[in-house]
Every structure is written in C-alpha cells, then in structure tokens.
Amino acid sequence: MATKPLTDSINATHDAALRSWLASANADSTDFPIQNLPFGRFRPAGSAEAFRIGVAIGDQALDLKAVGLIATSDMNELMAISAGARQKLRGAISEGLREGSPKQAEWQGALLAQSAIEMAVPCRIGDYTDFYTGIHHATTVGKLFRPDEPLLPNYKWVPIGYHGRASSIGVSGQAFHRPLGQTKGPNESVPSLRPSHRLDYELELGIFMGAGNALGESVGLDQAASHAFGMVLLNDWSARDVQAWEYQPLGPFLAKNFASTVSPWMVTMEALAPFRTPFTRAEGDPQPLPYLDSPGNRAQGGFDVKLEVWLQTQAMRDAGQGPQRLSQSNFRDAYWTVAQMITHHTVNGCNLQPGDLLGSGTQSGSHPEQAGSLLELSSGGKKPLSLANGETRTFLEDGDSVTLRAHCVQDGFRRIGFGDCQGQVLPART
Ligand code: MN
C-alpha cells in the first residue's frame with residue numbers, strides 16, 4: 001500500500017523564485033516572505049474594533065475578509081476547514097500577492113502596517129496540553145529533580161504530557177507579575193507562601209489544532225499532521241521552586257499556569273512542508289509501538305525549525321542595549337513528532353478541537369549550551385550565567401524580557417520565520 005503523505009506536498013506556493021508586489025516581502029531578512037503566509041488576528045493599535053483575520057506579508061498584515069477570500073471573522077471556524085480547503089486558500093492568497101497580480105490595486109487597500117496593529121492570541125484556545133518531547137531537557141531536568149533516575153522508564157514509550165490551562169495564555173508582548181506560590185527550601189522544615197525566586201522560561205513550539213476528531217474516535221498517525229493547523233512559538237514560563245514542591249504525584253499545577261506566551265502568527269503546516277525531516281530513533285532505544293509508527297512518519301515526521309532564546313535585562317534596556325542570545329536548538333531533535341503527539345492524544349478517544357493548543361515541551365539540544373531553560377543553563381541555579389554586560393543570571397529577575405525566535409532554512413527554498421514571542425517579568429504584587 002502506498003504511503004499517504006502526512007501533509008500536502010510541495011507546490012507552486014513554495015517556489016523560491018516567487019516575489020510579491022509588496023517590496024518588504026522580498027527582503028532577505030523578513031520572516032514573512034510570500035512563501036510563508038502565517039495566520040493571525042489583528043486590529044488597529046489602540047482601537048476597540050473587533051479583531052480581524054489576516055496573514056502576515058513582509059512588514060504588513062493583509063485583511064482576508066476585506067479582500068473577499070473568507071467570509072468569517074472567527075479564526076476557530078476558519079481553522080476547522082479541511083486540509084484541502086486550506087491548501088486552496090493558501091493558493092489564492094499567494095496568487096493575489098504575487099508580482100504582476102491583477103489584485104494588487106484592490107488588495108493594497110486591505111494592508112495594515114504591522115507597526116500600526118495590535119495582535120490577539122491567534123484563536124480561542126479551548127484546551128491546552130503540554131508535552132515533554134525534548135529528551136535532552138527531560139534528562140537534564142530529571143537529573144536535577146531525581147539524580148538516581150533522570151529519565152523515567154515510560155519516557156521512551158509514551159509521548160508524556162499534562163493538561164495545562166488555556167485562560168492564562170497571552171500573546172507576544174505579555175507582561176506578568178512574578179507569581180506567588182508555596183515553596184519550601186531544602187533547609188526549611190515547612191513551606192511558606194512567597195514570590196517565586198526561581199522563575200524560568202521554556203523554549204517550546206506550540207501546535208494549534210485544525211479539524212478535530214469526534215469524541216470516541218482516534219486519529220491515525222498518517223492523518224494526524226493534517227489535523228494540525230499551524231505552529232507558533234510558546235514560552236511556558238515556569239516557577240521552578242513551586243514546581244519542585246508541588247509536582248508529585250500529579251504533575252505541574254500552579255508552577256505553570258500563571259502565564260504562558262505565544263507568538264501571534266500561526267505558521268501553517270503547508271508553509272512548513274519544505275522543512276520536514278526524517279524521524280529517527282537512536283540505536284538501542286525502543287522503537288515506537290505500532291500505532292505510533294509508520295513509513296510516512298519515519299520518512300518526514302520531523303520538522304527542521306531553528307529555535308533561539310534572547311534575554312534583555314532592565315540594565316540592558318536602561319543602557320540602550322539590545323537583547324543577548326542565550327541559546328539555540330532545533331525542533332528536529334524532538335523525541336516524538338507532531339503526528340505522534342496528536343495520535344497518542346486521541347488514541348483513547350479524546351477529542352481534539354479546532355483551536356486546541358499542544359506544547360512541544362522544552363526543546364534543548366544535546367549540548368549544555370543549547371538548553372531551552374535557565375534551569376538547565378545554570379545547572380539548577382548552581383552555576384550563574386555571565387552576560388555580556390557583566391550581569392549574571394541563575395533565574396529571571398524583575399524587568400527581564402525574554403524573546404523566543406524561530407526560522408526554517410532548506411536548500412532550494414525561501415527562508416521563513418515565526419516572528420517574535422516576547423514576554424516580560426514584572427515585580428511580584430505586594
Ligand atoms: Mn513546558
């Protein structure tokens with residue numbers, strides 16, 4: 001039997017030679033060339049208007065309803081359409097934005113500068129599940145929490161996850177107060193309630209679901225990726241001192257649900273098609289159970305997405321200095337694929353719905369300096385990081401701003417990026 005492709009394959013919308021009549025979309029440095037076309041919700045900055053659905057193109061946002069390509073203002077409704085309909089919509093947007101398109105005069109009036117708009121969380125997030133697919137993160141963090149048994153025996157069999165909280169997810173630009181929580185130091189006999197002093201970020205990708213599955217039905221591995229709509233960056237802010245005290249036996253709770261930040265533009269599965277990679281298992285590791293294994297997933301289940309974390313402290317801001325990069329990693333190193341996460345999530349009949357968010361788990365590379373959290377970079381707070389301006393960090397300080405970035409490159413294809421996912425820590429409420 002022929003292998004079904006996990007998503008629609010490469011087509012004319014991916015052609016590296018495509019150029020837009022919008023000059024900023026042709027700049028080498030843009031995250032949003034005509035080959036990307038990510039979806040988000042925007043409105044004029046400072047206005048009280050309803051959010052509109054648009055795609056990012058160069059330094060502008062195109063209002064899709066204004067140009068007559070969609071009839072809805074409800075992103076979740078749009079995300080529920082079939083993969084085929086999505087492909088058609090992408091084709092129409094691409095054609096209209098191409099150099100020489102007869103739509104240029106009409107569509108120019110439906111553009112708003114990204115510098116003049118504000119973004120919402122991309123859709124209504126019904127449910128949020130955070131996975132744990134970064135094996136280097138899981139191993140390093142496991143060592144800190146359980147030196148004798150860093151990687152629990154289920155890790156290489158089960159795509160581990162927990163149900164998170166959707167209500168506190170915000171969009172890039174989010175600022176939040178340092179959370180209070182119950183913590184107990186190693187030399188304290190009883191816990192107390194206080195501001196977290198081990199506040200951390202987590203470098204993750206978020207996968208937004210498109211078409212869902214009915215309750216009681218599961219999604220097979222080769223259909224799974226077509227149920228995803230697109231990906232964003234996700235910062236799963238974490239209070240490590242709260243986490244250490246509360247996490248057993250039921251997993252993360254208040255250490256994780258005070259704030260999470262996503263980037264505003266959903267990079268679609270179609271745009272990511274050129275950046276798929278083979279899924280492999282290290283020699284000696286167990287092979288996935290049959291429901292999590294297929295030739296298609298092995299051939300192209302992974303995604304080559306380069307990830308970065310940047311930190312700007314209050315002192316850097318005061319001195320007019322830009323952020324400093326702390327680490328780099330790649331989603332291609334994840335232990336489980338997007339398709340495996342979706343199939344596993346639904347194997348018991350759990351229904352995923354349009355707009356649900358799946359976190360990838362912290363994506364750390366195999367080298368210590370590629371870690372996607374401060375917990376790892378500072379060896380559990382024991383080795384402070386030295387910053388270029390002379391400051392040090394073990395965990396986040398008040399005023400710190402963290403920006404996640406991602407982009408994809410592949411020979412023969414145009415580079416695409418995700419835009420920024422930025423958030424800032426404010427002092428605890430007193
Ligand atoms: Mn996480």
Side-chain angles (χ1 to χ4, degrees), residues 130 132 134-147 150 174-179 181 183 185-186 194-205 233-247 252 254-261 307-317 323-330 333 359-406 420-428:
D130 198 19
Y132 201 47
I135 190 169
H136 305 297
H137 171 79
T139 305
T140 308
V141 171
K143 252 179 221 156
L144 295 168
F145 282 70
R146 295 175 306 274
Q174 184 176 25
F176 62 91
H177 294 278
R178 178 179 296 276
T183 64
R194 57 193 150 189
S196 168
H197 62 282
R198 287 163 70 88
L199 184 59
D200 202 355
Y201 58 78
E202 289 191 338
L203 169 60
E204 304 197 19
L205 280 170
L233 284 156
L234 167 65
N235 187 340
D236 180 24
W237 307 95
S238 299
R240 300 302 183 192
D241 38 4
V242 177
Q243 185 179 358
W245 174 236
E246 76 172 9
Y247 89 105
L254 300 182
K256 300 274 193 176
N257 69 4
F258 54 92
S260 313
T261 309
L307 304 164
E308 301 178 350
V309 182
W310 296 72
L311 172 70
Q312 187 185 43
T313 68
Q314 186 65 52
M316 293 177 192
R317 220 164 16 250
Q324 174 178 343
R325 190 168 63 201
L326 296 186
S327 70
Q328 293 173 273
S329 63
N330 195 309
D333 297 330
S360 66
T362 307
Q363 299 298 308
S364 300
S366 55
H367 298 286
E369 71 275 12
Q370 297 170 335
S373 71
L374 282 174
L375 180 68
E376 298 159 85
L377 289 174
S378 72
S379 303
K382 288 195 278 290
K383 288 189 212 151
L385 242 74
S386 296
L387 303 177
N389 68 348
E391 288 185 279
T392 61
R393 282 293 179 278
T394 48
F395 293 96
L396 294 170
E397 304 284 338
D398 294 346
D400 282 357
S401 162
V402 176
T403 300
L404 311 182
R405 292 188 183 137
D420 284 0
C421 175
Q422 183 268 339
Q424 189 176 355
V425 181
L426 304 174

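Since the model is a prediction, treat every value here as computed from it, not as a measurement.
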Stepwise salt bridge (charged side-chain N to carboxylate O under 4.0 Å, His left out) check, Asp400 with Arg393: CA-CA 10 Å; Asp400 282 357; Arg393 282 293 179 278; 2.8 Å; yes
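- Using a 4.5 Å heavy-atom cutoff, the side chains of Lys256 and Asp236 are in contact.
- Residues Asp200 and Gln243 are not in side-chain contact: their nearest non-hydrogen atoms beyond the backbone lie 4.5 Å or more apart.
- The aromatic rings of His137 and Tyr132 sit perpendicular to each other, their planes meeting at more than 60°, with 30° as the lower class boundary.
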Worked check of salt bridge (charged side-chain N to carboxylate O under 4.0 Å, His left out) between Glu376 and Lys143: CA-CA 10 Å; Glu376 298 159 85; Lys143 252 179 221 156; over 6 Å; no
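- Nearest heavy-atom pair, Trp237 versus Thr261, reported as atom, atom and distance to 0.1 Å: NE1-OG1, 2.8 Å.
- With a 4.5 Å cut-off on side-chain heavy atoms, Ser327 and Gln370 do not count as touching.
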Pair Leu199-Leu374, side-chain contact (heavy atoms from CB on, under 4.5 Å): steps then yes or no: CA-CA 9 Å; Leu199 184 59; Leu374 282 174; over 6 Å; no
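- Separation of atoms CG (Asp130) and OG (Ser238) is listed at 8.0 Å; rounding is to 0.5 Å.
- Note: Gln422 CD to Arg405 CZ = 10.0 Å, rounded to the nearest 0.5 Å.
- Closest approach of Pro195 to Arg178, counting heavy atoms only: CB-CD, 4.0 Å.
- A donor-acceptor distance shorter than 3.5 angstrom exists from the side chain of Glu246 to the backbone of Leu254, with no hydrogens or angles considered.
- Residues Leu205 and Leu233 meet the side-chain proximity criterion, which asks for heavy atoms closer than 4.5 Å.
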Candidate pair Thr403 and Gln312, rule side-chain hydrogen bond (donor to acceptor under 3.5 Å, both in side chains), full reasoning: CA-CA 8 Å; Thr403 300; Gln312 187 185 43; over 6 Å; no
Stepwise side-chain contact (heavy atoms from CB on, under 4.5 Å) check, Gln324 with Glu391: CA-CA 12 Å; Gln324 174 178 343; Glu391 288 185 279; over 6 Å; no
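- Atoms OG and NE2, on Ser329 and His136 in that order, are 9.5 Å from each other to the nearest 0.5 Å.
- Each of Val425, Leu426, Thr313 was compared with Asp398 under the side-chain contact (heavy atoms from CB on, under 4.5 Å) criterion, and only Val425 meets it.
- For the pair Met316 and Leu311, the tightest heavy-atom approach, listed with the atom from each and the gap, is SD-O, 3.6 Å.
- Here the side chains of Thr183 and Ser196 are not in contact, with every heavy-atom distance at 4.5 Å or above.
- Looking at heavy atoms from C-beta onward, Asn235 lies out of side-chain contact with Val309 at the 4.5 angstrom threshold.
- Summarising the geometry of Pro150 relative to Pro147, their closest heavy-atom pair is CD-O, 3.8 Å, with the distance given to 0.1 Å.
- Residue Glu202 holds its CD atom at 9.5 Å from OG of Ser260, rounded to the nearest 0.5 Å.
- Atoms CD and CG, on Glu308 and Asp420 in that order, are 10.0 Å from each other to the nearest 0.5 Å.
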Intermediate values then yes/no, side-chain contact (heavy atoms from CB on, under 4.5 Å), Tyr201 and Leu326: CA-CA 12 Å; Tyr201 58 78; Leu326 296 186; 3.5 Å; yes
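- Here the CG atom belonging to Leu203 is positioned 7.5 Å from the OG atom belonging to Ser364, to the nearest 0.5 angstrom.
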Chi angles and distances behind the side-chain contact (heavy atoms from CB on, under 4.5 Å) call for Leu404, Leu234: CA-CA 8 Å; Leu404 311 182; Leu234 167 65; 5.9 Å; no
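- Minimum interatomic distance between Thr394 and Pro384 (heavy atoms only, all atoms of both residues): CG2-CA, 3.8 Å.
- A donor-acceptor distance shorter than 3.5 angstrom exists from the side chain of His177 to the backbone of Pro427, with no hydrogens or angles considered.
- Residues Ser373 and Arg240 share a closest heavy-atom pair of CB-NH2, 3.6 Å.
- You'll find the side chain of His367 stays beyond 4.5 Å of the side chain of Gln328, heavy atoms only.
- Checking side-chain atoms of Asp241 against main-chain N and O of His197 turns up a donor-acceptor pair under 3.5 Å.
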